[in-house]
**Student:** 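Just passing along the structure, written as structure tokens.
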Amino acid sequence: MTASFQDKPFTIAGKTYQSRLLIGTGKYRDLDETRDAIEASGAEIVTVAVRRTNIGQNPDEPNLLDVISPDRYTILPNTAGCFDAAEAVRTCRLARELLDGHNLVKLEVLADQKTLFPNVIETLKAAEVLIKDGFDVMVYTSDDPIIARQLAEMGCCAVMPLAGLIGTGLGICNPYNLRIILEEAKVPVLVDAGVGTASDAAIAMELGCEAVLMNSAIAHAGHPVLMAQAMKHAIEAGRLAYLAGRMPKRLYASASSPLEGLIR
Amino acid sequence: MLIHVNGDPYEIPAGETVADLIGRLDLAGRRVAVELNLDIVPRSQHAETALSEGDRVEVVHAIGGG
């Protein structure tokens, strides 16, 4: 960013971040690769899942939170794998205890294994309970503008529609719905899920998203650390392009070189 | 007495607390969260929370996820 132009900061639940890229910690080869990819991405908010501790197995196994320190990163626990509101609420309460009272959560309530599509009815129910219980809820949802509006009005601190199904890498499948969601946005809108490569992330940012959350696009790339770096640049490029405002599209040519003074 | 830990039956001596159980599981000092019969047991109360026959305990931690 040049000195002459200062972007407004990206703020979630009262905290300001430099990076508009949020990344997941799943699907990496090992914790070293996870750490290196996060480092390369410049992300300051990283998602984690909450799961049963394996009893009696590898007690010395390194813990994710030893590698991704909550002192350095904003840890965003998710409710992945939850298929109803009650499970999601329970998971968030465990996450809050795990993170010493940290209230920020990524709520996702899924509908079925095949699509991992959000169950918006259960999502709305869970969001209501969590907000009453003092959580700051970043909510994963479908790209339905009406549901997105309801989640924002209810008090979610960020609305995160999918660009494509989780883990598909299909990119921005319905930019028009995202545009409607963005036009009405009263809280930060982030694309969560579907991004496959750097250009997808740039498109999400050019549409006006405040930030993008991704996991598979980096973790399942041929070279995750390199892709993390690519994503960092794509997010920045897309943001700048959004702020700059793209030229209008036109059907016919418009010469870039002046027509005057041509040799004849 | 018999309790359940993360869904599996687990035998402990009567009169043990959540803190005793965490120690028994080699998890003392680890970053875990504990739920007892669907209620969170804050870390500060592990030592004073007694376990009873039939209790259902969940012990969770953070792992990679998106």
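Within every chain, numbering begins at 1; the chains are lettered A, B, ... in the order of the sequence lines, protein sequences first and strands thereafter.
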**Student:** Checking B/E35 against chain A: side chain, backbone, both or neither under 4.5 Å from a heavy atom?
**Tutor:**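 It is both, since atoms from each part get that close.
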**Student:** For A/V48 versus B/A62, what's the shortest heavy-atom pair and its separation?
**Tutor:**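 Scanning both residues completely, I find the closest heavy atoms to be CG2-CB, 4.1 Å.
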**Student:** So which of B/G66, B/A33, B/P42 has the largest heavy-atom pair count under 4.5 angstrom toward chain A?
**Tutor:**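 It is B/G66.
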**Student:** Locate the shortest heavy-atom distance separating B/R31 from A/L65; write the atom from each residue and the value.
**Tutor:**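 What the structure gives for the nearest pair is CD-CD1, 3.1 Å.
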**Student:** Any salt bridge between A/D100 and B/R43, counting N to O under 4.0 Å?
**Tutor:**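 Looking at B/R43 together with A/D100, the answer is yes, because their closest N to O distance falls below 4.0 Å.
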**Student:** I'd like to know if the side chain of B/N6 and the backbone of A/T53 have a donor-acceptor N/O pair within less than 3.5 Å.
**Tutor:**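 Between the backbone of A/T53 and the side chain of B/N6 there is a qualifying donor-acceptor contact (under 3.5 Å).
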**Student:** In Å, rounded to the nearest 0.5 Å, how long is the span from CG of B/L25 to CG of A/N54?
**Tutor:**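 B/L25 atom CG to A/N54 atom CG measures 11.5 Å (nearest 0.5 Å).
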**Student:** Can you pull out the residues in residues 71-96 of chain A with any heavy atom less than 4.5 Å from chain B?
**Tutor:**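 If one takes a 4.5 Å heavy-atom cut-off, the residues of residues 71-96 of chain A near chain B are A/N78, A/R90, A/R93, A/L94.
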**Student:** What part of A/K27 is in contact with chain B, defined as an atom under 4.5 angstrom from a non-hydrogen atom: side chain, backbone, both or neither?
**Tutor:**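 Contact with chain B: none, neither part.
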**Student:** Given that the side chain runs from C-beta out, which part of B/I63 has a heavy atom under 4.5 Å from chain A: side chain, backbone, both or neither?
**Tutor:**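 Both backbone and side chain.
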**Student:** Work out which heavy atom in B/G64 is nearest to a heavy atom in A/A49; give both atom names and the distance.
**Tutor:**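 For B/G64 and A/A49, the tightest heavy-atom pair comes out as O-CB, 3.9 Å.
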**Student:** Between A/L98, A/L22, A/D192, which has the largest tally of heavy atom pairs under 4.5 Å with chain B?
**Tutor:**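 The candidate making the most pairs under 4.5 Å is A/L98.
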